[in-house]
**Q** 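Sharing a structure, written as structure tokens. Questions coming.
Ligands are counted one by one from 1 in listed order, and the atoms in each one are counted from 1 as well.
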Amino acid sequence: MSIPARQARMGEVLRAEGLDGLIVTDLTNIRYLTGFVGSNGVLVVTPASRVLLTDSRYATSARAQVQGAEVEIAGRDLMDRLAGVVPAGRVGIEAEHVTVARRDRFADRLAGVELVPTAGLVEGLRVVKDEEELELIRQATRIADSALARLVDQGFRGATEAETAWQLEDWMREMGADAASFDIIVAGGAHGALPHAVPRPEPIPADTLVVVDMGARHAGYASDCTRTLATGTLPPALEEAYAVCLEAQRAALAACRAGVHTRDLDSAARGIIAQAGLGEHFGHGLGHGVGLDIHERPWLRQEGGEVLQTGMVVTIEPGIYLEGVGGVRIEDLAIVTDDGCEVLTRLPTDLTTTTI
Ligand code: ZN
Ligand code: ZN
């Protein structure tokens, strides 16, 4: 789906919602709808028109990047031009992205406009990826895979968690990544029991598990992959945790296809971990969508959720965290298809032992 097609669908969404316009303030949503990459912008969309307000720092780049929208240069807070471009009537604001202070500033400037809180209107379009987006996510995944494969080959070579995280990011950038898609996690031994551990300046220990969670950003699109590596002979509790986590991860991958509810996919993995008596050690959801944002819809967990559709991109990442001992998480990134899923992350998930 090209940017003009996204804009046409946005117009249909506004009509369906009975809105005369939408003030888009989330920069990722603005990028999705126009191609604009910058740190300051407000996009005003009506069923038939689009105007991007940005400041003079982006005058040249916005005109080069933006498709299907007029670009107007405004003062730094973008408020001076707002009244001239927002239509009268019912106009949505993105309730999840607008501070109370900013909402009040909009209201001050837009007397006579009914500001309507909305949620997820653009995100609803973003949840199913088009072929161009899928190809960028595939490329981002290939970059991260190559860096992680290099780490598996070379081992940790006495490096600390923090040095290893930086090394992975350095390799990804060499291979063409814009950046890491999030702060890389490298967490050895008991530290791996923290699902979102921050790498420390501590050497990676022998005879334990190391959780490595990483991804690349390429042309705006993210990838996400976790492998948990052994650094020698494992204590039985970690060996068992790895085997159970892998079985759960494979069961969820096998169950992943269009038409399945996100809750049921989460259950496919959670049931196996619970059956092994480790249910209380798997506290987070099974996975999340990935696209322009590293974490976006659909959410694969017990609460809420939705039915998977062809073209969604999701992670499948059960984890088992044993406080004081260690942790395991195994994460693949996959495109949902009509009859299954296309797994993008290619590194093997069988327990791999690497040198320290
Ligand atoms: Zn991850
Ligand atoms: Zn993830």
Side-chain angles (χ1 to χ4, degrees), residues 28 123 126-127 129 136-149 151-152 161 164-166 168-169 171-172 177-188 191-199 209-218 221-229 242 245-246 248-250 252-253 256 262 265-266 268-270 273 282-303 305 308 312-321 326-336 341-349 352:
T28 309
E123 289 85 345
R126 284 169 46 192
V127 69
K129 273 67 182 174
L136 294 174
I137 295 169
R138 284 189 190 99
Q139 288 173 20
T141 306
R142 276 196 288 272
I143 292 169
D145 266 8
S146 302
L148 190 48
L151 179 71
V152 172
E161 291 175 353
T164 303
W166 178 247
L168 286 165
E169 182 158 350
W171 284 335
M172 289 198 296
D178 307 338
S181 54
F182 58 93
D183 289 343
I184 293 171
I185 296 171
V186 177
H191 196 214
L194 279 61
H196 271 187
V198 176
L209 289 173
V210 185
V211 178
V212 180
D213 190 351
M214 60 180 294
R217 186 167 291 283
H218 174 67
Y221 283 83
S223 76
D224 195 1
C225 172
T226 307
R227 291 295 181 266
T228 299
L229 305 168
Y242 194 95
C245 188
L246 182 58
Q249 205 261 352
R250 287 184 174 162
L253 276 180
C256 179
T262 48
L265 197 55
D266 181 276
R270 198 166 299 280
I273 294 173
F282 175 27
H284 57 73
L286 177 67
H288 52 89
V290 173
L292 286 168
D293 281 329
I294 180 65
H295 298 119
E296 59 180 48
R297 274 179 56 194
W299 305 104
L300 278 54
R301 57 191 179 204
Q302 288 296 305
E303 309 77 33
L308 293 177
M312 287 179 170
V313 176
V314 297
T315 69
I316 305 282
E317 50 174 313
I320 297 172
Y321 308 95
V328 49
R329 181 166 64 256
I330 302 167
E331 175 179 30
D332 279 320
L333 186 62
I335 301 171
V336 178
C341 62
E342 174 190 340
V343 179
L344 302 181
T345 34
R346 295 288 170 81
L347 261 62
T349 50
T352 302

**Q** In D213, what N, O or S atom is nearest to the Zn ion (ligand 1), if we give its atom name?
**A**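 Checking each N, O and S atom of D213, the shortest distance to the Zn ion (ligand 1) belongs to OD1.
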**Q** Restricting to N, O or S atoms, which atom of E331 is closest to the Zn ion (ligand 2)?
**A** OE2
**Q** At a threshold of 2.8 Å, where the distance has to be below it, does the Zn ion (ligand 2) have an N, O or S atom of H295 nearby?
**A** no
**Q** Using a strict cut-off of less than 4.0 Å between a Lys/Arg side-chain nitrogen and an Asp/Glu carboxylate oxygen, indicate whether R217 and D224 qualify as a salt bridge.
**A**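 Salt bridge absent between R217 and D224.
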**Q** How long is the span from the CD1 atom in I185 to the OG1 atom in T226, to the nearest 0.5 Å?
**A** 7.0 Å
**Q** Quick one: pull up CZ in R227 and OG1 in T352 and give me the separation to the nearest 0.5 Å.
**A**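 The CZ atom of R227 sits 8.5 Å away from the OG1 atom of T352.
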**Q** Just checking: E317, one of its N/O/S atoms, less than 2.8 Å away from the Zn ion (ligand 1), yes or no?
**A** no
**Q** Does a side-chain heavy-atom distance below 4.5 Å link L286 with P318?
**A**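 Yes, at least one pair of side-chain atoms sits under 4.5 Å.
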**Q** What is the name of the N/O/S atom in D224 that sits closest to the Zn ion (ligand 2)?
**A** OD2
**Q** Parallel, tilted or perpendicular: which one describes the rings of W299 and H288, with boundaries at 30° and 60°?
**A**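 The arrangement is tilted - the two ring planes meet at 30° to 60°.
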